[in-house]
Amino acid sequence: MPARPRSRLFRVAFTAAALLRPKQHACPLAARPPPRPRSQAPGSLKCFLGTLKMEMTEVTGVSLKRGSHAVEDNDSVAPAEEAKRQKVLDHCLTAGQDGLEHVSPPGGVHVPEPPAAVSAGEGGKNSDVQLEEEEEEEEDGLSEEGEEGEETESFADMMKHGLTELDVGITKFVSSHQGFSGILKERYSDFVVHEIGKDGKISHLDDLSVPVDEEDPSEDVFAVLTAEEKQRLEELQLFKNKETSVAIEVIEDTKEKRTVIHQAIKSLFPGLETKTEDREGKKYIVAYHAAGKKALANPRKHSWPKSRGSYCHFVLYKENKDTMDAINVLSKYLRVKPNIFSYMGTKDKRAITVQEIAVLKITAQRLAHLNKCLMNFKLGNFSYQKNPLKLGELQGNHFTVVLRNITGTDEQVQQAMNSLKEIGFINYYGMQRFGTTAVPTYQVGRAILQNSWTEVMDLILKPRSGAEKGYLVKCREEWAKTKDPAAALRKLPVKRCVEGQLLRGLSKYGMKNIVSAFGIIPRNNRLMYIHSYQSYVWNNMVSKRIEEYGLKPVPGDLVLKGATATYIDEEDVNNYSIHDVVMPLPGFDVTYPKHKISEAYREMLTADNLDIDNMRHKIRDYSLSGAYRKIIIRPQNVSWEVVAYDDPKIPLFNTDVDNLEGKPPPVFASEGKYRALKMDFSLPPSTYATMAIREVLKMDTSIKNQTQLNTTWLR
């Protein structure tokens, strides 16, 4: 397994005292109970807090998204058909948007430009393109190391300013069991996500073979390189030495021999380009890294058999990378643009995930060679198809989760898991939707909806307390001191974060045109703010609905018939269950319930200076049509077992790669130092597995609570 992240965020530990415990209730609808006293904590349980920013798998939307830590959008997708489907599935994203709202923009998340916007016009490079090229070079050399020394307060101190579940409306549980302690994601291999395709089949990586294709170079091609040459080329490819190129002498100089060497290098070492040079009367094939945007050429022109589908589909296994990060890595090594890749759903970074990917006119053979030079990735199950994949086509995701060192008795575990299986959990938007710093994303979204653009600018750029990289702190300090966007921008080594994009926009359009400056940020990220506000409203309204009416449908509730929301009448109330009831996210094209909660929506929006009867914005992008979301989700394919183990470092189940390598499954003793709960369940798109785990453990998932209750572990 790869090394744990070095960032402080992921090294912080917490103990069982961080878990909030509900009191026993006769009614299963329990508001959040007070924390259990520290003296009752059952020993020291550590957990990486980065795990709380994990697996939410958003999927409705279209096209490319994030670079390092954020989303990218393809604005060319039309909204009509997507909007209709979106109302049924959930509001995660508006039409034409990509699926990654679980990562909050503030805090230096990396936001790459859409591929189409990269190239300059016919007149040559403009200043924006030149700046982007400089940014690419900066990114390659950027390291997270060295940031820790700049921090003057502990992570626990910084997170005093973060959000709690109460702050975003997450206050209720549906079950009556007591809850128990457990370590969530002690190892990120304890959290595995497998995509469920549109055919209902769970994606697994179980075949690394390459389809036989006469058009591909034969394996004999690769024998032309010596072991020493392969080693030098590999070191060049992985930037392991200071060489800028590797020259291979052509001993038997013929065009055919040179062609074979070119083919061998490009196939074995994606990411390297080759050329032929004459040196002192001898022919050499020179391998080098293609630089800048020249590396992002369209797929290499070559004969593509008409009988073969234009898209190579494959299963991607990845560790500790989100989907767009992975695609950026693949595209860099293949020297192609990221937008020739397609997929059905985004997968979060802090997990092992398995999903299907499609790529335009790249051979399976070329893809398979990436397995030899990339860490934490495996590609397999190759096939050629006529069509790409579309976001939102998947049925959901299957989760395998291990909670280590549990304290619950077998009876408590049985009660908790039976409740999850039979009742489910409240379909809250999880904490990762709202950011981790003192400026929640929903506040920015609210300011956008209010048309308060100066406040939008201030919220994004002002100094804030919370966990941030040192260069962002310096950038914010410069902004507060000078209000000079160019000066603040110079403090950022990576300018493609939200802050960098906005500052570049302010430099270009001036302080009096904040709307245009904000518009430089990719559409996906701009919409993420207002979706966060919708999620904030929805969480609060669902908590009020459950508090007022409990876990039963009542007259005036909404259910979906097709894509249309209809009211439950008095005479029909017995024909529905709580699992049929939906609640609206605020917008101009939704129906609100016909009971007390309708007025609660109105009061909340009025308090935020918004008109519930007029959710259209002056700027079309920010007009909210709204959507519907089920209030209770019941996981499918739920199973679990409690296992005993002695060594906290051992894996408690096999991954797909373990199975491919022939590793035997772990054998458990009847007794051990520790007990773990291994659970499997499937969730539909746009639901948060953290909220399901919260219901089982009765655990507060906010980073603030995890740290503040355990400050002795953090100082």
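Every value quoted in this text rests on a predicted model; they were computed, and no experiment measured them. Every heavy atom of this structure was used, including side-chain atoms; hydrogens, water molecules and symmetry mates were not. In this chain, numbering begins with 1 at the start of the sequence shown.
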Examine distances only and state if a side-chain atom of [X] and a backbone atom of [Y] form a donor-acceptor pair shorter than 3.5 Å.
X: Ser342; Y: Pro388; value: no
X: Gln395; Y: Lys198; value: yes
X: Lys663; Y: Val657; value: no
X: Arg404; Y: Pro648; value: yes
X: Asp658; Y: Thr655; value: yes
X: Thr323; Y: Lys347; value: yes
X: Asn405; Y: Tyr674; value: no
X: Gln355; Y: Gly345; value: yes
X: Glu356; Y: Tyr343; value: no

Looking only at heavy atoms, what is the nearest atom pair of [X] and [Y], with distance?
X: Leu330; Y: Phe341; result: CB-CZ, 3.9 Å
X: Arg545; Y: Ile631; result: CG-CD1, 4.4 Å
X: Pro666; Y: Asn654; result: CD-OD1, 3.7 Å
X: Leu163; Y: Pro440; result: CD2-CG, 3.5 Å
X: Leu677; Y: Met417; result: CD2-SD, 4.0 Å

Donor + acceptor pair across side chains of [X], [Y] (<3.5 Å):
X: His194; Y: Asp656; value: yes
X: Thr441; Y: Tyr533; value: no
X: Glu695; Y: Ser175; value: yes
X: Ser682; Y: His398; value: yes

Kindly indicate whether the side chain of [X], heavy atoms from C-beta on, has any atom under 4.5 Å from the side chain of [Y].
X: Val359; Y: Phe314; value: yes
X: Met528; Y: Asn524; value: no
X: Thr353; Y: Glu319; value: no
X: Val696; Y: Phe180; value: yes
X: Ile578; Y: Lys552; value: no

Hey, what do you get for [atom1] ([X]) to [atom2] ([Y]), rounding to the nearest 0.5 Å?
X: Ile196; Y: Leu683; atom1: CD1; atom2: CG; answer: 8.0 Å
X: Ile632; Y: Ile423; atom1: CD1; atom2: CD1; answer: 9.0 Å
X: Leu316; Y: Leu205; atom1: CG; atom2: CG; answer: 8.5 Å
X: Thr690; Y: Phe399; atom1: OG1; atom2: CZ; answer: 9.0 Å
X: Asn659; Y: Asp206; atom1: CG; atom2: CG; answer: 9.0 Å
X: Arg629; Y: Trp538; atom1: CZ; atom2: CH2; answer: 5.0 Å

How far apart are the C-alpha atoms of Val559 and Val582, what are their side-chain angles, what is the distance that settles it, and do they pass the side-chain contact (heavy atoms from CB on, under 4.5 Å) test? CA-CA 6 Å; Val559 293; Val582 299; 5.7 Å; no
Can a salt bridge be assigned to the pair [X] and [Y] using a cut-off of 4.0 Å between side-chain N and carboxylate O?
X: Asp410; Y: Arg675; answer: yes
X: Lys678; Y: Asp680; answer: yes
X: Glu422; Y: Arg634; answer: no

- Thr171 vs Ile546, side-chain contact (heavy atoms from CB on, under 4.5 Å): CA-CA, chis, key distance, verdict: CA-CA 10 Å; Thr171 61; Ile546 292 177; over 6 Å; no
**Item:** Ile352 vs Lys318, side-chain contact (heavy atoms from CB on, under 4.5 Å): CA-CA, chis, key distance, verdict
**Value:** CA-CA 6 Å; Ile352 291 175; Lys318 61 182 181 63; over 6 Å; no
TODO: Decide whether a cation-pi geometry holds between Arg433 and Tyr688; the criteria are a distance under 6.0 Å from NZ or CZ to the six-membered ring centre and an angle within 45° of the ring axis.
DONE: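 No - Arg433 does not lie over the ring of Tyr688 by the 6.0 Å and 45° rule.
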Report task. Answer yes or no for Lys673 and Tyr645: cation-pi contact, defined as NZ/CZ to six-membered ring centre under 6.0 Å and angle to ring axis within 45°. Result ->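 No, Lys673 and Tyr645 do not form such a contact.
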Please name all residues satisfying side chain to side chain donor-acceptor pair (under 3.5 Å) with Gln415, sequence neighbours left out, ordered by chain then number.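 Residues passing side chain to side chain donor-acceptor pair (under 3.5 Å) with Gln415: none at all.
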Can you list everything that forms a side chain to side chain donor-acceptor pair (under 3.5 Å) with Asn540? Sequence neighbours excluded, please.
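Result, side chain to side chain donor-acceptor pair (under 3.5 Å) vs Asn540: none returned.
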Inset, instruction - List the steps, then state whether side-chain contact (heavy atoms from CB on, under 4.5 Å) holds for Trp640 with Asn418. - result: CA-CA 10 Å; Trp640 68 93; Asn418 278 331; 3.3 Å; yes
Only one of Tyr529, Tyr442, Tyr429 passes ring-ring contact (aromatic ring centres under 6.0 Å, His included) with Tyr536, and that residue is Tyr442
